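Have a look at the structure below before the remarks.
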Amino acid sequence: MAQDYTEWLAINVLNEQQLISYRSLSRALKVHSNLAKQMLYDFHHKQNAKKPGSVHATYLITGTKIKEAPLANGGHSQHDGEDTVMQSSPPLPSSSAPQTEEQHHEPIEVRTVMLAKEEHLENAKASFESVTGIHIYSLQAKGLSDVRVLTECNRKIAADYASEDPLEAWKQYGTIQNSNVKRRTQRRQPPPPPAATAGATKAKVATTTKPAPLDKQASKESQELKPASRPTLAKATPEPSKKPATTKRQNSDIFKSFAKGKTKEQEQESQSSAEPSPKPPAEDEPMADFSNEESGEDVDEADAMETVVKGPEGKSKEKREADLQAMMDQEDEMMDDAAEAAPEVDQDEGAIDKPDSQTAEEPKETVEVENGRRRGRRRVMKKKNFKDEDGYLVTKEEAAWESFSEDEPPAKKIKGPSVTTMQQPKQVAGGKKAGKPGQGNIMSFFGKK
Amino acid sequence: MAVQYGTEDEGDDSMLHAPSDTEYPLLDRVKSTYTSLPTYQLPKGEDRHYQQQYADMYFARLAQIKPAVEQIASEAWADFGIAGEKALRKDRVLDVRQGELCWVIGTVYMEMPLKPNVLEDIGKEHWIAAPPPRVKYDSGMANGDSEHGAHAGGGKGLSGAQIMLEDESGRLRLTGSYLEGGLLVTGAIVAVVGTENADGDFEVLEIRVPDLPRQPPRWETEDGDAAVNGKSASQKRSKAGKVAIVSGLGMSGDEGDTLSLDMLMEYLLGESAEPGSQEDASAISRLIIAGNSLSHGSPIPSREEMAAVAKKVGRKTYGYDSSSYNKAPTDRLDQWLASLLPSMPITLLPGEQDPTSTSLPQQPIHAAMFPHSRAYMNAPAANEGAGWFDSTTNPAECSVDGWRLLATGGQPVDDVYKYLPDCEERLEMMEAMLRWRLTAPTAPDTLWCYPFQDGDQFVLKECPHVYIVGNQPKFETVVIEGPVGQQVRLVAVPKFKDTGELVLLDCETLVPEVVKFEVFEEG
């Protein structure tokens with residue numbers, strides 16, 4: 001074991017230039033935190049004996065501090081406490097037990113836990129009246145510019161050892177155990193620890209201290225964490241439903257309407273494949289308890305989903321499953337490059353409704369004259385309403401293809417803007433006509449006078 | 001283990017040695033006996049209404065507290081008299097006649113120059129620069145200069161204020177030198193004795209307050225429950241540990257403020273420090289967080305925050321803006337709690353800045369805010385007593401190791417503070433509130449609160465053993481005594497973010513101590 005920790009510390013502190021606290025050491029080697037503190041001390045001692053100043057330490061001192069004269073931390077305002085209104089004026093009327101001096105100046109024990117850098121250790125100790133204990137908190141290869149960087153250690157522990165069961169694993173670290181702990185088994189998995197942010201902040205911190213090695217570490221770390229977080233993604237019901245939602249947003253073109261149905265369907269699919277019961281377990285339904293509306297919405301949504309699933313026919317179950325599989329496989333790439341993923345999805349959509357999507361590829365308008373009727377396809381501008389990421393309603397005009405024939409009801413003709421181009425002269429005339437009544441009104445207004 | 005090394009005052013330096021073969025005993029935490037009382041829980045869902053008038057609250061409060069004051073006052077003033085004239089009891093404020101020595105009970109109302117005013121608030125929208133937030137409601141105008149100077153008698157050097165006593169019948173302006181030293185705020189129910197002078201003002205000779213209510217003996221809650229469940233009440237109880245109290249963690253998601261939080265966590269987990277301190281830490285049976293765990297969690301941004309946002313963004317946005325939402329603080333709080341929960345139970349009170357309802361009594365922070373910690377919470381439907389992680393109301397009443405505990409996030413004291421121009425003594429205000437039997441006397445006048453209909457929930461029905469107020473400027477404590485031997489330990493808990501102080505309260509002796517976490521700064 002002696003070799004173990006020396007080697008581990010040599011690699012991590014000297015070579016990788018990382019911050020190592022007694023906690024990270026105890027977690028890495030699965031030893032008691034007190035033992036880890038001693039290991040840090042031993043390593044620090046030996047390395048600095050070999051080469052002074054090669055390893056820098058921070059210390060944690062516990063004890064009682066020397067009381068300062070104005071007693072900022074002592075609890076009571078002793079400075080002018082004696083002659084405040086409290087004592088001189090009649091206190092509260094009828095306060096049956098007037099306060100005694102002793103009660104007011106009851107001695108309160110103040111203990112201090114202080115973190116100090118190696119170079120400040122002596123000064124820090126001097127501020128203590130008595131020191132009850134001292135140990136090395138962390139080691140790092142070079143001096144520590146900012147003590148606050150030390151929070152990285154615990155952040156990393158939280159991220160790296162999130163999969164450990166604290167009730168089991170923490171025994172070996174010497175954490176105080178509690179036999180009375182009550183914990184529910186959660187069927188809904190908590191979100192994975194913020195690995196990405198940890199990496200990001202890590203990189204940010206690194207720029208101020210030691211850029212290159214830490215940066216590398218950060219990226220490595222996030223890579224390592226990826227596979228770990230995958231299974232939870234697959235398991236947790238909310239995650240798969242989120243993914244199609246993002247694709248939906250990307251597809252803000254003609255396929256949007258189809259994509260919507262599609263994603264709903266897939267959502268349903270993924271839910272049923274991931275978990276046999278799509279409804280969350282009754283035990284874990286705190287939202288319902290607080291607002292009834294929400295649970296009601298849930299039910300509605302579920303209903304809606306089911307109806308949607310029934311909707312598109314002619315597509316076999318196998319095909320849908322295959323699509324789902326493809327979708328799941330895409331997940332990671334989609335995150336990287338959303339634009340790339342979009343066309344693939346389009347092809348999927350095409351499968352649902354072939355005629356329309358195929359015509360979308362056709363470059364020119366076609367008009368046939370047959371039996372005196374004109375038929376064909378033309379490009380029209382259609383207005384689309386949708387919600388964007390910020391929750392705003394956005395209206396967009398988009399090119400769309402529609403088939404037409406002269407027999408179509410006139411109402412539909414008026415709808416498309418292209419129709420107006422065909423009937424321009426009439427419309428202009430109409431415009432003039434529309435102008436006249438307005439003028440007439442004005443005239444009549446004057447006429448009255 | 002105790003190897004001699006260094007000087008004597010080094011204490012335990014066993015950690016400054018090469019690894020030894022010492023087996024460290026596995027520490028087990030002391031059990032916490034805990035019952036959460038539903039005193040301040042509001043009705044859920046459709047039963048919670050906001051259409052009621054606040055006036056009902058004052059009526060209810062007066063009706064609830066009047067008998068207690070009446071008893072005290074009639075005993076005290078049974079043979080109170082001046083020059084042969086005995087003080088008469090008047091039932092209503094309007095029954096007071098000029099020149100007649102009498103006593104009467106009513107609700108105090110203070111009219112102060114700088115008290116918040118709805119009309120003024122609306123006016124503020126049109127001002128170029130909003131006035132700074134008020135430290136005190138009193139203007140500090142010189143006595144006698146103002147129009148009301150003659151009447152301004154107020155306690156603690158009030159100058160521009162008027163004190164009035166009101167009940168269902170009407171109002172009476174109070175005056176007299178007796179008010180100078182006293183401590184009064186809007187909402188307190190008091191009995192006054194004196195005479196009405198030629199100006200129509202009531203010259204106060206003495207004031208009586210309801211004083212502390214009945215105090216249940218220790219273990220009453222538990223024994224009562226046990227009796228109900230048919231168990232023997234006289235079971236053996238193990239020695240109680242300590243309760244750790246902290247407030248104002250103020251997590252903001254910044255890098256800077258988390259180091260002391262880490263130190264606090266490691267201390268509570270018993271991982272940091274030397275074996276002796278670790279053993280001390282294992283005696284801590286529970287952590288109570290008294291408000292303001294987040295620094296900007298309130299759902300309603302303050303006027304200042306709104307101004308800052310408007311300036312930065314340049315355009316006015318209404319409602320929720322997802323781009324400005326920062327989830328880092330809640331994540332951090334959740335992680336922090338989740339790392340403590342395997343080892344110790346936690347009671348979490350919301351505070352002014354926390355993401356829950358803003359009016360008192362603040363309701364528990366929703367479980368959805370704690371994706372990691374909620375495993376330790378009770379299932380919502382379950383009816384099995386307090387959860388291991390108990391997200392509770394503010395104020396909150398609970399029974400810890402047999403003691404009745406009343407804790408608030410600090411808003412009521414902060415608001416009472418604004419009424420008293422020359423008073424900085426937080427403990428005195430806390431004491432006064434207990435003696436008024438009101439946990440939030442200034443609600444609904446200057447403190448937001450739920451419009452209670454059937455009785456004012458802020459009236460103390462039973463006297464606590466420990467009264468904890470969070471988010472105060474510094475740590476203070478005192479024991480006060482009641483008329484029939486009640487003893488209450490008052491603890492003002494400082495903001496952890498500013499002071500790094502954790503309060504440990506011994507649950508056998510009720511003596512507090514402080515553990516301070518700091519980073520040594522050169523110079």
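Every heavy atom of this structure was used, including side-chain atoms; hydrogens, water molecules and symmetry mates were not. Chain naming here is simple, since letters A, B, ... match the order of the sequence lines and numbering starts at 1 in each. Here the structure is a predicted model, which is why all the values come from computation and not from measurement.
- Contact record, A:Lys171 with B:Leu26: O-CD1, 3.4 Å, taken as the closest heavy-atom pair.
- Interface residue B:Tyr376: backbone and side-chain heavy atoms are both found under 4.5 Å from chain A.
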Requested in this report: Before giving the answer on side-chain contact (heavy atoms from CB on, under 4.5 Å), spell out for A:Val110 and B:Glu501 the whole-Å C-alpha distance, their side-chain angles and the decisive distance to 0.1 Å.
Outcome: CA-CA 9 Å; A:Val110 180; B:Glu501 285 176 356; 5.6 Å; no
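- For a residue to count as touching a neighbouring chain, one of its non-hydrogen atoms must lie under 4.5 Å from one of that chain's; by this rule B:Gln278 touches chain A with backbone and side chain alike.
- In this structure, B:Lys31 and A:Asn180 approach most closely via the heavy-atom pair CG-ND2, 3.3 Å.
- Inter-residue side-chain proximity for B:Asp280 and A:Arg111 is flagged as met; some heavy-atom pair is nearer than 4.5 Å.
- Remark: the A:Gln177 side chain and the B:Ser343 side chain contain no N/O donor-acceptor pair separated by less than 3.5 Å.
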Requested in this report: Kindly determine whether B:Phe520 and A:Ile61 satisfy side-chain contact (heavy atoms from CB on, under 4.5 Å), including the steps that lead there.
Outcome: CA-CA 10 Å; B:Phe520 186 80; A:Ile61 314 163; over 6 Å; no
**Report entry** side-chain contact (heavy atoms from CB on, under 4.5 Å) evaluation trace for A:Tyr22 with B:Ser272
**Finding:** CA-CA 9 Å; A:Tyr22 71 95; B:Ser272 68; 3.1 Å; yes
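- If you measure heavy-atom distances from B:Ser277 to chain A, the contacts under 4.5 Å come from the side chain alone.
- Neither the backbone nor the side chain of B:Leu212 comes within contact range of chain A; no heavy atoms are under 4.5 Å apart.
- Nearest heavy atoms, A:Val113 versus B:Tyr267: CG2-CD1, 4.2 Å.
- B:Gln335 contributes atom CD, which lies 11.0 Å from atom CG of A:Asn154 (distance to the nearest 0.5 angstrom).
- Between chain B and the options A:Gly63, A:Gly174, A:Ala116, A:Ser179, heavy-atom pairs under 4.5 Å are most frequent for A:Ser179.
- Between A:Ile176 and B:Asp28, the closest heavy-atom pair is CG2-C, 4.1 Å.
- B:Ala76 does not touch chain A: none of its heavy atoms, backbone or side chain, sits under 4.5 Å away.
- Contact check for A:Lys182 versus B:Phe389: no side-chain heavy atoms found under the 4.5 Å cut-off.
- No donor-acceptor distance shorter than 3.5 angstrom exists from the side chain of A:Thr112 to the backbone of B:Lys516, with no hydrogens or angles considered.
- Residue A:Ser127 holds its OG atom at 7.0 Å from CD of B:Glu518, rounded to the nearest 0.5 Å.
- If you measure heavy-atom distances from B:Leu269 to chain A, the contacts under 4.5 Å come from both the backbone and the side chain.
- Here A:Lys37 does not pair with B:Glu271 in a salt bridge; the nearest charged N to carboxylate O distance is not below 4.0 Å.
- When heavy atoms are compared at a cutoff of 4.5 Å, B:Leu502 does not approach chain A at all.
- B:Glu513 CD to A:Ile108 CD1: the interatomic distance, rounded to the nearest 0.5 Å, is 8.5 Å.
- The two residues A:Leu150 and B:Leu259 make their nearest non-hydrogen contact at CB-CD1, 3.9 Å.
- Here the side chains of A:Leu60 and B:Phe517 are not in contact, with every heavy-atom distance at 4.5 Å or above.
- Taking the side chain as every heavy atom from C-beta outward, B:Pro345 and A:Asn178 approach each other to under 4.5 Å.
- B:Leu16 approaches A:His135 most closely through the heavy-atom pair CD2-CA, 4.1 Å.
- Using a 4.5 Å cut-off between heavy atoms, A:Tyr137 touches chain B through its side chain atoms alone.
- Considering only heavy atoms from C-beta on, B:Pro275 comes within 4.5 Å of A:Asn34 through its side chain.
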